[in-house]
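Let me begin by presenting the structure, written as structure tokens, before commenting on it.
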Amino acid sequence: MEVELVRIKEELLASIDEYFQDSLRTYARTFLEDKLEEGTHFGLLTVFHYRMFGGEGERIYQAAAAIELFVLSCDMFDDIQDQDAPSKPWMQVPQPLAINVALGFMVLGHQCMGNSSLDHERIQLLSDQVDRLLLKSINGQMMDLQNDVADPDGYTNMITMKSASILVMACMAGVILATGAWNETVANYATEMGLGAQLYNDYRNMLRWHESSDILSDRRTLPILLMSEELEKAQLVSSEGSNPLALYLSEHENTEEIVTLLDQTGVRTYIEVLLKGHYYQCLELFDSLSPPIPIREHFIKYFVQPKS
Amino acid sequence: MIKNFIQELLADNSKREMFLQGKLNLAGVSSIQQRAIMETLQPEQRSAKDNVFRYWQ
């Protein structure tokens, strides 16, 4: 995977140098360096699926670079919209400049995508699907920004649109370039990965309690919805408030009681069951493609199992 | 009869699992979800799968 990451980075830097000038180039390189230091690389999913479905050659790294650019652009817009992640370099420059760089990344991603194959039909199909999935994610983001989630089903729907679409896009880019066709099984297990990853992220965020950005901003994630319901059932907060968990934490500095509630009401267990369910569903779908064992082990080790 | 059956189940852990799975089947819970439930409820079966999807943080 290290070799693939180096190649993706080479393509990214080459594209930035070719199409961005002056300060746009400087900011772009800085933001990209920060992104590449993270442990997650959606472009690697693209390369993995391309190879898994029999693709050969080096142009796939252009597609992987495109996916990284789309994800970075979306991440930047998300941080700017939420006004969180203050340590990120794009949050430490004037907002108009950060927005313009994010916009540049989105367009540069399409430029890279157009160079990722000599087969124009595949490029057209890829472009159509990427645009469709990005638009799906943007629609999901709108729901998130407006806090449109009212219940667990609403949360699942929003996450499927906003987050899972990005993973589907990353996987499917590789599949389409290798085969020239959409693969519904890949889309389905990528969706399970997206749902599991976002749920895990939201659960970890809630467990920060007083430092939880989601609780402070009244985001209705599934873990927060579940805990809020239990707080109201236990009559530990008023049922008339719009943010029961925030209200409870504002009145209780000690988190011992809320952690006990998390355990005794089964919320912790329920979330663990959901996560495990997404994992097994993801694997069952992946296995239905009958991958060779090394491919399967690689997939689990790099994209599904925890970092060591 | 039902009361005796329940008492028998409560006294015997292995049959409790069968009983629970029976209820899950009746409720239409998928086999995957049943597996997730049974594993989560049995501490001796916990494993690295309890920390999945951390890569995407």
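Both backbone and side-chain heavy atoms feed into the values below; hydrogens, waters and symmetry mates do not. All values derive from a computational prediction rather than experimental measurement. Below, chains carry the letters A, B, ... as their sequence lines are ordered, and counting in each starts from 1.
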Item to check | B/Gln33 versus A/Tyr280, side-chain donor and acceptor atoms under 3.5 Å | outcome: no
Checklist entry - Considering only heavy atoms, which portion of A/Glu284 lies under 4.5 Å from any heavy atom of chain B: side chain, backbone, both, or neither? => result side chain
Checklist entry - Do you know which two heavy atoms are closest between B/Ala36 and A/Gly277, and how far apart they sit? => result CB-N, 3.7 Å
Checklist entry - Can you tell me how far CD1 of B/Ile32 sits from CD of A/Gln281, rounded to the nearest 0.5 angstrom? => result 3.5 Å
